[in-house]
Amino acid sequence: MRRSVELEIITEALSKMGPHTPAVRLWGRAPGATADMAAEGNVWAGDVHDVARHIVTRLHGRPDTPEQLSPLAQAEDAKRRRNLVDELAALTGANQRLVSAPWYPARPGDLVHVHYEQAGESPATGETYIVSDAGDGLLSMQLLALSPTVPPAQEQFAGAFACEASDSPLHEAWFEAGPQRLTIVRDGQAVHDGPAALRARTEQSGLALGSLALAQAVSEAEKYLERGEPDLALARLRSDKPLPPCGAPGFTSEQSDCARPRQHRGACSENPDHVEPAHECPALPEQLHAVVTVGAKVTGVHFAGLYEDSDAAADVAAGYQAFAEGLNDRFVQQAPGLPGEIVLELPAENELASSGVQLAVVVPLQLLPDPRAYDEWAAEGMATCVDPDPYYGRDLDDEDDYRDGE
């Protein structure tokens, strides 16, 4: 959570503007308005604190009002906004936190340090008070020491929270300075460390925000991976915020700009979730059909093409006078002992004719697996196997039986 030092500086600067100091409200004209146009609603007025908060929000983000302002300042801020509920909640809530603290009430000997952050040209300072017994069940709180950084001009304002006799001497400092600026030491131990608690809340808040941002980045990266967009997933993990849209203008005036994330692949689209269809390699057929023609001299073998469909191959082969369905059964045979392979038995020379095409057949060819892929698979298995001997022909069952007989 961010400190509100900027808010204090800007508020102080605005309050010193004009002849009346401190200023409470600011006045101005709308752009283009003239002095004689004031009656037409072109003059605006704003509270100094509201204007300062507006400026800080535009420059640095919304200030951390609940943690940085004291309970009294929170109540005054709610009062300016005419929010009675927030005003009462700030006061009653602060009182409840004080009286319910495990170290409450104060005891004689307690040391109370009040810290003031740097504001404008004023450095960070502090005051230390000591709680003493004032008699009749009351306690006093007297100024014990000032920080050496207190400017001499401000020493006259030191000890503002001192009191002679009170049943709750911490009440005024708790409400006006705020619990986040108080450090209370009892018997050498800090029983209340407001600045440390504020820093811890700040770190926890930053850690929570960082964890949330990381979870969002991982979630969006997973979405890109599921959609087949690894480049976008990597870009999202490298970015501390969601990927901005591409923004490429549409092809026509009616078409919106590209809403897909920047660095996307493929075409632009108005749909931010548009995904290019994944590339699909064409599947190889299980069997092909070769059209083969043999001339009068068996040394001339002609391959007329490969066809996935057998009827298409037969139509092409039918263009040759020497083609007949029966010739396929006569000359095209399965290779004996070699599954998946085909043997073409060439006819004797001049068996059918002395010239021209002697034979035209359709040869079915089965698509066989890549032997290199099988070798790679076998090598991977051998590398992960404790005993590679089974890959060289030894039967594990026989080996187990042999060992059992030993």
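All residue numbers in this chain count up from 1 along the given sequence.
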With the side chain counted from C-beta on, respond yes when [X] and [Y] share a heavy-atom pair under 4.5 Å apart, and no when they do not.
X      : Y      : value
Leu139 : Asp167 : no
Leu111 : Leu144 : yes
Leu306 : Leu365 : yes
Leu288 : Tyr307 : no
His113 : Val185 : no
Glu270 : Gln255 : yes
Cys258 : His264 : yes
Cys163 : Glu172 : no

Can you measure from [atom1] ([X]) to [atom2] ([Y]) and round to the nearest 0.5 angstrom?
X      : Y      : atom1 : atom2 : result
His171 : Ser166 : NE2   : OG    : 8.5 Å
Arg186 : His192 : CZ    : NE2   : 12.0 Å
Leu225 : Glu220 : CG    : CD    : 12.0 Å
Leu98  : Tyr104 : CG    : OH    : 5.0 Å
Arg181 : Tyr116 : CZ    : OH    : 9.0 Å
Ile130 : Ser132 : CD1   : OG    : 5.0 Å

For atom CG of Asp187, is the number of surrounding heavy atoms from other residues, nucleotides or ligands below 6.0 Å larger than 12?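 12 or below, so no.
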Residues two or more places apart in sequence or in another chain: which of them pass salt bridge (charged side-chain N to carboxylate O under 4.0 Å, His left out) with Glu229?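 Checked Glu229 against salt bridge (charged side-chain N to carboxylate O under 4.0 Å, His left out); matches are Arg227, Arg260.
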Could Asp110 and Arg107 be called an ion pair, given the rule that one side-chain N must be under 4.0 Å from one carboxylate O?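 Not counted as a salt bridge, because no side-chain N and carboxylate O are separated by less than 4.0 Å.
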Taking Glu87 first and then Lys79, would you say they form a salt bridge - that is, a charged N and a carboxylate O separated by under 4.0 Å?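 Salt bridge absent between Glu87 and Lys79.
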What I want to check is whether the side chains of Tyr129 and Glu127 have a donor and an acceptor closer together than 3.5 Å.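 Indeed, the side chains of Tyr129 and Glu127 share at least one donor-acceptor pair under 3.5 Å.
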Please name the pair of heavy atoms, one in [X] and one in [Y], separated by the smallest distance, quoted to 0.1 Å.
X      : Y      : result
Cys246 : Cys268 : SG-SG, 4.1 Å
Leu232 : Leu243 : O-CD1, 3.7 Å
Val291 : Ala313 : CG2-O, 3.5 Å
Ala94  : Phe175 : CB-CE2, 3.9 Å
Ala322 : Val357 : CB-O, 3.4 Å
Ala259 : Asn271 : CB-C, 4.4 Å

Please check if the side chain of [X] supplies one atom and the backbone of [Y] the other of a donor-acceptor pair under 3.5 Å.
X      : Y      : result
Asn328 : Val361 : no
Gln333 : Asp329 : yes
Ser70  : Glu176 : yes
Ser100 : Gln96  : yes
Trp174 : Asn95  : no
His289 : Pro364 : no

Test Gln334 against Ile342 for side-chain contact (heavy atoms from CB on, under 4.5 Å), laying out the working first. CA-CA 5 Å; Gln334 292 285 338; Ile342 299 295; 3.6 Å; yes
Kindly determine whether Leu170 and Ile184 satisfy side-chain contact (heavy atoms from CB on, under 4.5 Å), including the steps that lead there. CA-CA 10 Å; Leu170 297 176; Ile184 302 174; 3.8 Å; yes
Mind running side-chain contact (heavy atoms from CB on, under 4.5 Å) on Leu359 and Tyr320 for me, showing each step along the way? CA-CA 9 Å; Leu359 175 66; Tyr320 297 95; over 6 Å; no
Check the pair Thr128 / Val112 against side-chain contact (heavy atoms from CB on, under 4.5 Å), numbers first and verdict last. CA-CA 6 Å; Thr128 303; Val112 181; over 6 Å; no
Would you please name every residue forming a side chain to side chain donor-acceptor pair (under 3.5 Å) with Arg97, sequence neighbours left out?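 Side chain to side chain donor-acceptor pair (under 3.5 Å) list for Arg97, sorted by chain: empty.
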